[in-house]
Amino acid sequence: MHGKDFVSIRDFAPPEIQYLLLLGRQIKAAPEAYSQALKGKTLAMIFEKPSLRTRVTFDVGIQQLGGFSLYLSPAEINLGKRESVYDVARNLERMVQGIMIRTFAHEVVAEMARTARIPVINGLTDFSHPCQAMADFLTIWEIKGHVEGLKVAFVGDGNNVAHSLMFTGAQLGADVWVATPEKYEPKADAVAWAKQHARETGGDCHTTQSAEDAVRRADVVYTDVWASMGQEQETAERKRIFKEYQVNKKLFACAKSDAIFMHCLPAHRGDEVTDEVIDSGQSVVFQEAENRLHAQKAIMLELMKDVPVGPKHPEIVPELVHA
Ligand code: CP
Ligand code: NVA
């Protein structure tokens, strides 16, 4: 996996995803064993949207691996306006050993990854949220003991979180159901990819407009906000359209009696989920949030461990390097 980026779950083979999850569990079990694993390496964190979990877990995660992080706010970089994605990438690759980026268009992350000769990690785009899905399946694996064959129901908007959940479920043999109102389905090519790849792992992927059908006998019930970052002006309209997709006690009761409730957070309590579900004993949302840390430490370690610190580009005069 060395030299790779972490842009989409689709870029990996199932054993690579399994390996990263296993490494995440090992790091969680014995964090001190990895305290120098990325000694002296720096992660640049570019944020064009707000964040609590992603920022804190990448920041704390790299420090726990012996490295440093650099927070770059929208005001500082002004990506694509003050400077092109290409130029930002070609600068940063000389200064840091990895880039984490949260932005709007997925293509920006893809371009950054194509351009920068250091690993680029997707910290959320309008299309996907792969680090979230890694933490989600780490959590499911911890609690259920396995992932294959589990029914995972995502109820709400067919958004970035839904896409990554579908991709990861397909890689790991889960049966992922996504229930959305008409016109809010996940992207057709994402569904097609998940269906096709799930066939190879014994999983499946279904879309439906019926929240009950998705949740019926599910092992995992998952939801996310109805209006994602960047869609704030649609909030009122979406509240009306998504009303029937609220995960409340009645809907959750359709799932298996030992089902768990998951949410990537932040949650809009009273909209997509009620307090009685998110605060119930079956809710694992804070364990899920913590697992962002462990899953991402595994990703950073695997991608960044062989990236050298210091000058590494051809124009460097050899005598000076050896002096
Ligand atoms: N789940 C998640 O990515 O949270 P933040 O937006 O707070 O980073
Ligand atoms: N779908 C949400 C996820 C936040 C972590 C958003 O993009 O705002």
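Ligands are counted one by one from 1 in listed order, and the atoms in each one are counted from 1 as well.
Contact check for S69 versus M100: no side-chain heavy atoms found under the 4.5 Å cut-off.
In K49, neither the side chain nor the backbone holds a heavy atom less than 4.0 Å from any atom of ligand 1.
Residue contacts with ligand 1 leave out R55, since none of its heavy atoms falls under 4.0 Å from the ligand. In this structure, D126 has no heavy atom closer than 4.0 Å to ligand 2. The shortest heavy-atom distance from L124 to ligand 2 is under 4.0 Å.
Within 6.0 Å of atom NZ in K195, more than 12 heavy atoms from other residues, nucleotides or ligands are found, so the atom counts as buried in its surroundings. Within a 6.0 Å sphere centred on CZ of R217, other residues, nucleotides and ligands contribute 12 heavy atoms or fewer. Counting heavy atoms of neighbouring residues, nucleotides and ligands inside a 6.0 Å radius, atom CZ of R90 exceeds 12 of them. With a 6.0 Å radius and a threshold of 12 heavy atoms from other residues, nucleotides or ligands, K250 has its NZ atom at or below the threshold.
The closest protein non-hydrogen atom to atom 5 (C) of ligand 2 is L265 O, 3.6 Å. Of the protein's non-hydrogen atoms, the one nearest atom 6 (O) of ligand 1 is R102 NH1, 2.8 Å. Summary of contacts: the protein heavy atom closest to atom 3 (C) of ligand 2 is D224 OD2, 3.6 Å. Nearest protein heavy-atom neighbour of atom 4 (O) of ligand 1: R53 NE, 2.8 Å. Looking only at heavy atoms of the protein, atom 2 (C) of ligand 1 is closest to R292 NH1, 3.3 Å. Summary of contacts: the protein heavy atom closest to atom 7 (O) of ligand 2 is N160 ND2, 2.9 Å. At the top of the distance list for atom 8 (O) of ligand 2, counting protein heavy atoms only, stands M229 N, 2.8 Å.
Taking a cut-off of under 4.0 Å to the non-hydrogen atoms of C264, the atoms of ligand 1 that pass are 1 (N). Counting the atoms of ligand 1 from 1 in the order shown, those under 4.0 Å from a heavy atom of H129 are 2 (C), 3 (O). Atoms of ligand 1 found under 4.0 Å from any heavy atom of L52, numbered from 1 in the order shown, are 5 (P), 7 (O), 8 (O).
Put simply, CE on M300 and CZ on F58 are 5.5 Å apart, with the number rounded to the nearest 0.5 Å.
D5 has no carboxylate O lying under 4.0 Å from a charged side-chain N of R114, or vice versa, which leaves the two without a salt bridge.
Residues F167 and M262 fall within the same hydrophobic cluster, defined by Ile, Leu, Val, Met, Phe, Trp and Tyr side chains chained together at heavy-atom separations under 4.5 Å.
At under 3.5 Å, not a single nitrogen or oxygen of L124, backbone or side chain, sits near a nitrogen or oxygen of ligand 1. Of the polar atoms of M229, none of the N or O atoms is found under 3.5 Å from an N or O of ligand 1, judged by distance alone.
Residue H106 forms a side-chain contact (heavy atoms from CB on, under 4.5 Å) with just one option from D126, V7, N160, and that option is V7. Screening L150, N291, L21 against I140 for a side-chain contact (heavy atoms from CB on, under 4.5 Å) leaves a single residue, L150.
Defined by atom type and a distance below 3.5 Å, a donor-acceptor pair is present between the side-chain atoms of N122 and S128.
Among P266, S228, C264, the residue whose heavy atom sits closest to atom 2 (C) of ligand 2 is S228.
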